[in-house]
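One structure is given here, and the rest of the page talks about it.
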Amino acid sequence: MPAERRRRIAMGAEQLAAFLDGSAEMVVAYVDAAGWPVGTLASADRHGEEITVEFADPTGTAAGVGVGDAVCCVAEEGARYDEIRGAIVRGEVTAAATATAGGRHRWTVRERHTSSFDFAALADPESSGPVSPHET
Amino acid sequence: MTIPTENAAAGPGAELPDRRGHDGQPPGDPVSGEHRRFLAEHTRGFLITTGADGGPIGYPMTVRWCDGTLEFNTYRRSAKVTHLRRDGRVCVVVVPRDRAADRRVLSVWGRVQPGEGSIEHWMHGDGNGEDPTPGLSAPPHVLTPQATPSPAATPQVATPQVVTPHVVTPPHVVSRVRERLLDGRRIIIRVTPLTALFMHAAEGADDAG
């Protein structure tokens, strides 16, 4: 397969930080005791390099996740194609609490690795933008 | 028309190994008619899989409900395909783009299917509101090819204005994704749903647990 020039569509650092700071909802993902990935929508609040997520868990599997366990938080938004942008944050739980009333879980997640995309870079077929040699 | 799926792409005899939790059942309830109706109405999905380190990774994706399976398309050489070859168990979180109109969120658990996936559903809209978007995925480090095959080397495909319930995909993007599906650089990932559960219920609904 011939090599291709590819366009980088990741957000810049400041744009990414602002996007995450402004994301009030994220999909939070974890792996349950049987090894199945589990995801649900959570309210989110970012502070520094940590994100606090809060969510209900009708599956009962989130109780098995504790401090030090790996989780992933995904934010995405956009009503128009060229407005779609998002970020995938992989990290670990640094604090976990469960409210007995309603079984809501509240985790604080330390960010370890974040990747992002901004479809604005794809909207113009003629634009070239920064080029990365890396393959996905 | 068919193209190789991720399983065939791995080579003859390739499997989608499931190394962990063979005896473990996914969360959720059996897939119901209400689940199917929801999946038929919404295309905004988050594909949750596990990475090489065993940790979770989520990818925003366009998801389509086709003939009882969930379908995605992505680059054959993408990281998510590598993850799915390693462990075919997934969770797909479907979130309506218009949350004010529908507050429900559905999580679906299933396994990636081996075999060949048809790109027919991704090439033509049916004109009655079904989303014909080719499903541009949004993986981390998405790097969009700039080079395109010559017209002579690529089958000609009509490029209508593609409309999703809430997002209009530019024609040049639709055309490029279709070219990549036809030349095999993009593939169809099919997921057989096993269980599902509304994680957020609409007002008054009681199936969120």
Side-chain angles (χ1 to χ4, degrees), chain A residues 1-10 25 27-41 55-61 69-76 78-88 90 92 103 114-117 119 121-123 125 128 131-132 134-136, chain B residues 18-21 23-28 44 46-51 53-60 75 77-79 87 89-93 95 97-99 105 107 109 136 138-147 164 166-170 172-173 176 185 197-200 207-209:
Chain A
M1 187 174 295
E4 291 181 310
R5 297 176 69 226
R6 292 169 183 261
R7 190 182 308 170
R8 178 175 292 279
I9 62 170
E25 288 186 327
V27 167
V28 60
Y30 55 96
V31 178
D32 76 5
W36 281 89
V38 180
T40 189
L41 194 66
F55 58 97
D57 173 36
T59 71
T61 58
D69 286 335
V71 296
C72 181
C73 299
V74 186
E76 187 257 14
R80 289 188 355 177
Y81 183 86
D82 59 0
E83 294 175 343
I84 293 177
R85 55 187 182 155
I88 296 101
R90 301 191 76 191
E92 64 185 26
T114 301
S115 52
S116 66
F117 57 89
F119 279 13
L122 301 176
S128 55
V131 173
S132 167
H134 301 297
E135 285 280 353
T136 54
Chain B
D18 185 352
R19 294 174 179 167
R20 297 171 298 146
D23 297 326
Q25 297 300 311
R44 183 191 183 203
F46 295 80
L47 175 66
I48 313 296
T49 182
T50 50
D53 60 1
I57 308 177
Y59 300 96
Y75 279 99
R77 297 175 65 182
S78 65
D87 189 333
R89 293 176 296 180
V90 302
C91 175
V92 182
V93 183
V95 183
R97 192 159 294 277
D98 185 354
R99 295 264 292 133
V105 173
S107 293
W109 289 267
L136 183 66
H141 303 306
V142 163
L143 302 171
T144 301
Q146 288 185 307
T164 73
H166 303 289
V167 176
V168 177
T169 305
H172 73 276
V173 176
R176 186 164 51 208
R185 274 177 278 189
L197 192 64
F198 283 113
M199 307 292 270
H200 287 233
D207 59 350

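Residue numbers begin at 1 in each chain, while the letters A, B, ... track the order of the sequences. These values consider heavy atoms only, across backbone and side chains, with no hydrogens, waters or symmetry-generated copies.
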Region of A/Val38 in contact with chain B, defined by heavy-atom distances below 4.5 Å
both
Which bit of A/Glu83 is near chain B, if near means a heavy-atom gap under 4.5 Å: side chain, backbone, both or neither?
neither
Is A/Thr61 in contact with chain B via its backbone, its side chain, both, or neither, using a 4.5 Å heavy-atom distance?
side chain
Quick one: ring pair (Phe, Tyr, Trp, His ring centres under 6.0 Å) partners of B/Phe46, sequence neighbours excluded?
none
Pairs of heavy atoms under 4.5 Å with chain B: top-ranked of A/Asp69, A/Asp32, A/Val28, A/Val71
A/Val71
When you measure from the side chain of A/Trp36 to the backbone N and O of B/Pro27, does any donor-acceptor pair fall under 3.5 Å?
no
Residue list, salt bridge (charged side-chain N to carboxylate O under 4.0 Å, His left out) with A/Glu92, at least two apart or on another chain:
A/Arg110, A/Arg112
Where the side chain of B/Ser107 meets the backbone of A/Gly39, is there a donor-acceptor pair that is under 3.5 Å apart?
yes
